[in-house]
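Take a look at the structure set out below.
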Amino acid sequence: MFLITGATGGIGRRVVRLLRQREQSVRAFVRLTSRYSELEHRGAEIFISDLLEERDIQKASRGVKYVISAHGSDSDALSLDYRANIELIDQAKANGVEHFVFISVLGADRGYEDAPVFKAKRAVERYLSASGLNYTILRPSGLASNLLPLVEQFRETGLYLLIGDRKNRTSIVSTDDLARIVVDSVTVEGARNQILPVGGPEILLREDIPRIFGRIFNKQPVIINSPLFAIDGLQSALGLINPQIQKALGTYRTLLANEFFCTKDEIANLEAIYNFKLETLESFLRRYLAV
């Protein structure tokens, strides 16, 4: 039995699909307000609960062999990215879980002080590494699925908003490839007790993304390049109204201001461990857009 948190998210939903295709038993940890009908239709056991409640995590963890932590935090990194994962790890130990897969973030080890998600993920990485459990920690760069709403908007308008340095490098990973890596991590020997950066096979400039959109739709992109200080002004203003959102914007600003890419050696190592070739961003988008 696999326990999947964040089961209705971009990563979690694909992980559940793949596990059910392989006829594995899955317990999907979902919120009452989430859209989980597809997972139920695929034969997953639906566990409606709340990651903010330790009792719910304890109940969900009973009788499981593998745990995959794929949930995010929105604006509450302390409670969800940190505390919920610590409780999941403790319960995994108590229940004799054989392998724990944790979805972290590329750059978690860089010490970004104004990015709560990065700090929380790094603390969980340390806790899991010292727990005595078999684990795989995956640090993905940007997810290709996050670009699907933007590419649909581009299809209609031809516009692309790019905030910050357009020359910053990135290596966006196919979310389907990431799901496969997540699932295979519990059985692939080379992934055991490893922290692995996960990116796509290409190192792209951020300005390459709208150019890819343009190739797909045979349309010249209109790039609106907004300076990063626009986010700084918004962050300062929101700090007077909602400190929680201000902290979340700190993570967002960190993502915009820095480079997040995997080296060619890191990608070659990843492909060797999992024994498949990673998909390019353009291929992923063309598949989903049927173009």
Transitive ILVMFWY side-chain link [X] to [Y], under 4.5 Å:
| X | Y | answer |
| --- | --- | --- |
| L178 | F2 | yes |
| L78 | I57 | yes |
| I4 | I137 | no |
| I212 | F261 | no |
| L255 | L162 | no |

Could you measure the distance from the [atom1] atom of [X] to the [atom2] atom of [Y]? Nearest 0.5 Å is fine.
| X | Y | atom1 | atom2 | result |
| --- | --- | --- | --- | --- |
| I172 | E202 | CD1 | CD | 10.0 Å |
| N193 | L128 | CG | CG | 8.5 Å |
| E271 | I181 | CD | CD1 | 9.0 Å |
| K167 | D208 | NZ | CG | 8.0 Å |
| S49 | F29 | OG | CZ | 4.5 Å |
| N225 | L161 | CG | CG | 8.5 Å |

Would you check, one step at a time, whether the test ring-ring contact (aromatic ring centres under 6.0 Å, His included) holds for F154 with F213?
-> CA-CA 7 Å; F154 179 89; F213 290 3; 5.6 Å; yes
Is [Y] paired with [X] through a side-chain N to carboxylate O contact shorter than 4.0 Å?
| X | Y | value |
| --- | --- | --- |
| K93 | D90 | no |
| R83 | E87 | no |
| K119 | D81 | no |
| E282 | R286 | yes |
| E125 | R139 | yes |

Minimum side-chain heavy-atom gap [X]-[Y] below 4.5 Å:
| X | Y | value |
| --- | --- | --- |
| L205 | N168 | no |
| R287 | E279 | yes |
| I273 | E189 | no |
| I224 | Y160 | no |
| R17 | E38 | yes |
| L270 | Y274 | yes |
| L281 | L285 | yes |
| I68 | L3 | no |

In terms of side-chain heavy atoms, does [X] have a donor or acceptor partner in [Y] at a distance below 3.5 Å?
| X | Y | result |
| --- | --- | --- |
| S69 | N85 | yes |
| D76 | S73 | no |
| S61 | Q91 | no |
| T136 | H99 | yes |

For the pair L18 and V15, evaluate side chain to side chain contact (heavy atoms under 4.5 Å, CB included) and give the outcome as yes or no after the intermediate values.
-> CA-CA 5 Å; L18 186 54; V15 167; 5.9 Å; no
Other residues, nucleotides and ligands only: do more than 12 of their heavy atoms fall within 6.0 Å of [atom1] on [X]?
| X | atom1 | answer |
| --- | --- | --- |
| R35 | CZ | no |
| E266 | CD | yes |
| R31 | CZ | no |
| K264 | NZ | no |

Of the non-hydrogen atoms in [X] and [Y], which two are nearest, and what is the gap between them?
| X | Y | result |
| --- | --- | --- |
| A60 | R27 | O-NH1, 2.7 Å |
| A7 | V16 | CB-CG2, 4.1 Å |
| C262 | S171 | N-OG, 2.7 Å |
| V183 | V186 | O-CG2, 3.4 Å |
| S185 | V101 | CB-CG2, 4.1 Å |
| R62 | Q58 | CG-O, 3.5 Å |

Does the [X] side chain pair with the main chain of [Y], one donor and one acceptor, at a distance under 3.5 Å?
| X | Y | value |
| --- | --- | --- |
| T157 | L159 | yes |
| T5 | A70 | yes |
| T170 | R206 | no |
| K121 | I103 | yes |

Would you sort out whether Y135 and F100 count as a ring-ring contact (aromatic ring centres under 6.0 Å, His included), showing the intermediate values?
-> CA-CA 5 Å; Y135 67 86; F100 194 109; 9.2 Å; no
Would you please test R14 and R180 for side chain to side chain contact (heavy atoms under 4.5 Å, CB included) and show each step?
-> CA-CA 9 Å; R14 288 170 171 81; R180 179 175 172 182; over 6 Å; no
Check the pair L147, I209 against side chain to side chain contact (heavy atoms under 4.5 Å, CB included), reporting the backbone distance first and the verdict last.
-> CA-CA 9 Å; L147 294 177; I209 296 171; 4.1 Å; yes
Give the C-alpha distance, both sets of side-chain angles, the deciding distance and a yes or no for salt bridge (Lys or Arg N to Asp or Glu O under 4.0 Å) between D184 and R22.
-> CA-CA 11 Å; D184 288 350; R22 298 182 181 184; 2.7 Å; yes
Ring centroid separation F118 to Y112 under 6.0 Å = yes
With R169 as the cation and F260 as the aromatic partner, state whether NZ or CZ is under 6.0 Å from the six-membered ring centre and within 45° of the axis.
-> no
Determine, stepwise, if the pair V198 / L106 fulfils side chain to side chain contact (heavy atoms under 4.5 Å, CB included).
-> CA-CA 8 Å; V198 182; L106 194 66; over 6 Å; no
Y66/N134 under side-chain hydrogen bond (donor to acceptor under 3.5 Å, both in side chains): CA gap, chis, key distance, verdict = CA-CA 10 Å; Y66 307 108; N134 288 321; over 6 Å; no
Go through the steps to decide whether S145 and Y288 satisfy the test side-chain hydrogen bond (donor to acceptor under 3.5 Å, both in side chains), and finish with yes or no.
-> CA-CA 9 Å; S145 57; Y288 273 84; over 6 Å; no
I89 and side chain to side chain contact (heavy atoms under 4.5 Å, CB included): which partner among V97, L133, V67?
-> L133
Got a sec, which residues hit ring-ring contact (aromatic ring centres under 6.0 Å, His included) with Y82, two or more places apart in sequence or on another chain?
-> none
